[in-house]
> 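Sharing a structure here in structure tokens format.
Within every chain, numbering begins at 1; the chains are lettered A, B, ... in the order of the sequence lines, protein sequences first and strands thereafter.
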2 protein chains.
Amino acid sequence: MTEKRATPKLPKPGVPVRGSKSGQPIMVLFDLIGRRWSMGVLWNLSDGNRTFRDLQERCGSASPSVLNTRLKELRAAGLIYNADNGYALTEDGRQLFDRLEPLGDWAMDWVEKLR
Amino acid sequence: MTEKRATPKLPKPGVPVRGSKSGQPIMVLFDLIGRRWSMGVLWNLSDGNRTFRDLQERCGSASPSVLNTRLKELRAAGLIYNADNGYALTEDGRQLFDRLEPLGDWAMDWVEKLR
DNA sequence: ATACATTGCTACGTTTTTAGTAGCAAGTGA
DNA sequence: TCACTTGCTACTAAAAACGTAGCAATGTAT
């Protein structure tokens, strides 16, 4: 970096999430879903209820303890709930998934391009 | 019980992409961006180049070593690159951000609803 | 030039999180 | 009853992240 280093103006206040003061919504969300298997769980619940074991199988190396932690977090966040036959997306969870879904198609192109 | 436990280390066959054993593109992507600060970095690069320090400030508690790791990963994945005055999104990175952006508005509603 | 500040980044010890496995209580069915 | 499945907890080892110090290169003020 050989240029002058003027600190750019921040149009958006930068925000730490975890140990910090101002919880910018997107960062709060990233802090929740930016953990192992969080998005994978949402993804795998999108086409129907899944039991704990289902989710374990679909989230390959997720150990039961971690999976359980993720499920509790997502439930506390109101994104999933305990249905009779397993876990399911809430309304909010469905809405979030709808915004996650476009990543699927993009990921296919991207992975293919990497090879 | 603190007995010795066998550690068979079973090698399940599959595409070894970090923790993601399925090799499904979306899971490969989740494995990359589903880590601390990954999405935060992409988000904060969306409106202009950022220096290492900029990103540190905006990702509050991210230590330099972790931030550096994330930057390397994202660069290896072709999502960001080293520009003259800091880091910047590549074409792919921009495309990914475009699909992440809707989460911002949704997160605002969601956080507000939680209160 | 000299001194000091800033930046990108690495090193490394500590703390937190995740992996990996065992196992148990409750439910199901034979 | 027994065998089997399911949801989940317990626990240790391994991996990841934190937090701080510090270094080389460059910028800047005197």
> Among the nucleotides D:dT9, D:dA21, D:dT6, which one has an atom lying closest to any side-chain atom of B:P64?
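Side chain of B:P64 sits closest to D:dA21.
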> Take B:L114 and A:V28 through the side-chain contact (heavy atoms from CB on, under 4.5 Å) test and state the conclusion after the steps.
CA-CA 12 Å; B:L114 281 185; A:V28 174; over 6 Å; no
> Can you check the B:R53 CZ to C:dT7 C1' distance for me, whole Å?
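So the two atoms are 5 Å apart, to the nearest Å.
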> Would you indicate, yes or no, if D:dA16 has its OP1 or OP2 atom less than 4.0 angstrom from a side-chain nitrogen or oxygen of B:W37?
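No, outside the criterion.
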> Between A:R94 and A:E91, does any side-chain N to carboxylate O distance fall below 4.0 Å?
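Answer for the salt bridge query: no.
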> For residues A:N68 and A:S65, is any side-chain donor paired with an opposing acceptor at under 3.5 Å?
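The criterion, which ignores hydrogens and geometry beyond distance, is not satisfied for A:S65 and A:N68.
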> Rounded to the nearest angstrom, tell me the gap between atom CG in A:N85 and atom C1' in D:dT6.
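After rounding, the reported distance stands at 13 Å.
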> Tell me: CG of B:N49 to C1' of C:dG8, nearest whole Å?
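Whole-Å distance recorded here is 15 Å.
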> When the ring planes of A:W43 and B:F30 are compared, do they come out parallel, tilted or perpendicular, using 30° and 60° as the limits?
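Because their plane-to-plane angle is over 60°, the rings of A:W43 and B:F30 count as perpendicular.
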> Rounded to whole angstrom units, what separation is found between the CZ atom of B:R35 and the C1' atom of D:dC18?
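Distance check: B:R35 CZ to D:dC18 C1' gives 16 Å.
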> So does B:Y87 get a side-chain nitrogen or oxygen closer than 4.0 Å to the phosphate oxygens (OP1/OP2) of C:dT7?
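The answer is no; no side-chain N or O of B:Y87 sits under 4.0 Å from OP1 or OP2.
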> Heavy atoms from C-beta onward define the side chain here; which of D:dG7, C:dG20, C:dC9 lies closest to that of A:S63?
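For the A:S63 side chain, the nearest candidate turns out to be C:dG20.
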> Can a salt bridge be assigned to the pair B:D31 and A:R36 using a cut-off of 4.0 Å between side-chain N and carboxylate O?
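Here B:D31 does not pair with A:R36 in a salt bridge, since their nearest N and O are not under 4.0 Å apart.
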> Taking all atoms of both residues into account, what is the closest heavy-atom pair of A:C59 and A:G40, and its distance?
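What the structure gives for the nearest pair is SG-C, 4.3 Å.
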> What pair of heavy atoms forms the shortest contact from B:G78 to B:D92, and how long is it?
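Taking every non-hydrogen atom into account, O-CB, 3.7 Å.
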> How many Å lie between CD on B:E57 and C1' on C:dT7, as a whole number?
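Going from B:E57 (CD) to C:dT7 (C1'), I get 11 Å.
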> I need the CZ-P distance between B:F52 and D:dC23, as an integer number of Å.
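Atom CZ in B:F52 sits about 18 Å away from atom P in D:dC23.
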> How many whole angstroms separate atom CD of B:Q56 from atom P of D:dC18?
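So the two atoms are 11 Å apart, to the nearest Å.
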> Just the rounded figure in Å: distance from C1' of D:dA15 to CG of B:D31.
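Computing the B:D31:CG to D:dA15:C1' distance gives 13 Å.
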> Name the closest nucleotide to the A:R36 side chain, picking from C:dC9, C:dA19, D:dC8.
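For the A:R36 side chain, the nearest candidate turns out to be C:dA19.
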> Under 4.0 Å from any atom of DNA chain C, heavy atoms only: list the residues of residues 65-80 of chain A that qualify, in numerical order.
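Under 4.0 Å from DNA chain C: A:S65, A:V66, A:R70.
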